[in-house]
Amino acid sequence: MARKLAVVLAVALSAAWSGPALADHVKDGRQLHRIVFQMNEDSPNLWSLMLNNINNIITEMGKDHVDIKVVAYGPGINMFRKDRSNVLDRLESLKKFAGKSVEYTVCSNTLKAMKVDRQEIVEFVDDLYPGIVRIIELQEKGYVYLRP
């Protein structure tokens, strides 16, 4: 009886401790975390907050384990305009570091409505597409929606 109890206890203890604790984002078994950030404001402070959020996500999860889409529409497109943005250096630096792990979409409808020519938008923008439609499509594909 004592031997049987010792075996049960040993099995229970080994199941309870299986090495160092893993963070939830590692234990969840997902290899790729999909996130879409909406930005429809041209506040440099909000853009800096969002870029800090993205940096923190990449730092914690690794750029190979994230697929981040930034969708700008309305006044938010101004942060991708060559002559108006205060955060272009950070946007470009993030793009160079993260590569395809971070993609930028500028709303094509906003460009038309604001009469902004494509030449006024930085070259490292990945896509021109209706912003709200892009967010809807990404959420339907399982992307987590975030807005700073």
Side-chain angles (χ1 to χ4, degrees), residues 9-148:
L9 187 57
V11 169
L13 285 174
S14 70
W17 190 85
S18 59
L22 296 175
D24 287 339
H25 66 270
V26 175
K27 288 192 287 188
D28 70 5
R30 291 173 45 198
Q31 294 201 356
L32 188 63
H33 299 271
R34 294 172 178 88
I35 303 132
V36 57
F37 279 90
Q38 170 194 323
M39 186 54 82
N40 63 342
E41 299 189 35
D42 64 356
S43 162
N45 289 337
L46 279 178
W47 276 85
S48 289
L49 175 62
M50 179 191 66
L51 292 168
N52 290 343
N53 286 208
I54 292 170
N55 186 57
N56 291 341
I57 290 168
I58 291 172
T59 298
E60 291 298 320
M61 297 180 170
K63 68 180 179 179
D64 295 331
H65 299 285
V66 296
D67 178 6
I68 299 172
K69 311 289 191 205
V70 175
V71 180
Y73 65 93
I77 73 161
N78 288 328
M79 291 299 120
F80 288 104
R81 290 178 75 172
K82 295 173 186 175
D83 64 337
R84 294 195 182 190
S85 178
N86 298 8
V87 295
L88 279 183
D89 289 342
R90 285 195 67 195
L91 288 165
E92 187 171 23
S93 176
L94 175 63
K95 184 68 179 156
K96 284 180 180 176
F97 167 73
K100 288 294 185 180
S101 297
V102 174
E103 293 183 2
Y104 303 131
T105 297
V106 169
C107 179
S108 56
N109 290 335
T110 300
L111 288 175
K112 289 176 198 168
M114 292 175 62
K115 296 181 172 70
V116 175
D117 188 72
R118 172 61 173 111
Q119 301 305 315
E120 297 176 57
I121 302 297
V122 292
E123 295 77 24
F124 58 84
V125 165
D126 296 285
D127 198 14
L128 301 177
Y129 196 80
I132 295 295
V133 173
R134 172 70 78 219
I135 292 169
I136 291 168
E137 290 174 349
L138 291 170
Q139 285 190 282
E140 289 173 343
K141 292 178 181 178
Y143 280 71
V144 173
Y145 169 85
L146 296 176
R147 181 173 183 206

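As the structure is a prediction and not an experimental result, all values here were calculated from the model. Each residue takes its place number in the sequence, starting with 1.
Between the CD1 atom in I135 and the CG atom in L138 there is a gap of 8.0 Å [rounded to 0.5 Å]. In this structure, M79 CE and L88 CG are separated by 8.5 Å, a value rounded to the nearest 0.5 Å. Interatomic distance, CG of L128 versus CG of N109, reported as 11.0 Å (0.5 Å rounding). Of the inter-residue distances, the one linking N53 atom CG with I35 atom CD1 reads 10.0 Å to the nearest 0.5 angstrom. T59 OG1 to I54 CD1: the interatomic distance, rounded to the nearest 0.5 Å, is 11.5 Å. To the nearest 0.5 Å, atoms CD1 (I121) and OG (S85) are separated by 10.0 Å.
N55 has its side chain out of reach of L94: every pair of non-hydrogen atoms, C-beta onward, lies at least 4.5 Å apart.
For the pair H65 (side chain) and Q31 (backbone), a donor-acceptor distance under 3.5 Å is present.
Contact detail for S48 and V87: the closest heavy-atom pair is OG-CG1, 4.2 Å. The two residues G131 and C107 have their closest heavy-atom pair at N-SG, 3.2 Å.
Applying the ring pair (Phe, Tyr, Trp, His ring centres under 6.0 Å) test to F80 and every residue at least two apart in sequence or in another chain returns W47, Y104. Scored by the side-chain hydrogen bond (donor to acceptor under 3.5 Å, both in side chains) test, K63 finds no partners at all (sequence neighbours excluded). Residues forming a side-chain hydrogen bond (donor to acceptor under 3.5 Å, both in side chains) with D127 (at least two apart in sequence, or on another chain): R134.
Among pairs with a residue in residues 86-103, those fulfilling side chain to side chain donor-acceptor pair (under 3.5 Å) read N52-R90, K69-E103, K95-D126, at least two apart in sequence or across chains. Within the structure, side chain to side chain donor-acceptor pair (under 3.5 Å) contacts touching residues 135-148 (residues at least two apart or in different chains) are Q38-Y145, N40-R147, E41-R147, D67-Y143, Y129-E137. The salt bridge (Lys or Arg N to Asp or Glu O under 4.0 Å) pairs that include a residue from residues 104-118 number zero, where partners must be two or more places apart or lie in different chains.
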Between M114 and N78, is the side chain to side chain contact (heavy atoms under 4.5 Å, CB included) condition met? List the steps. CA-CA 10 Å; M114 292 175 62; N78 288 328; 3.7 Å; yes

Please walk me through it: do I58 and I68 pass side chain to side chain contact (heavy atoms under 4.5 Å, CB included)? CA-CA 9 Å; I58 291 172; I68 299 172; 4.2 Å; yes

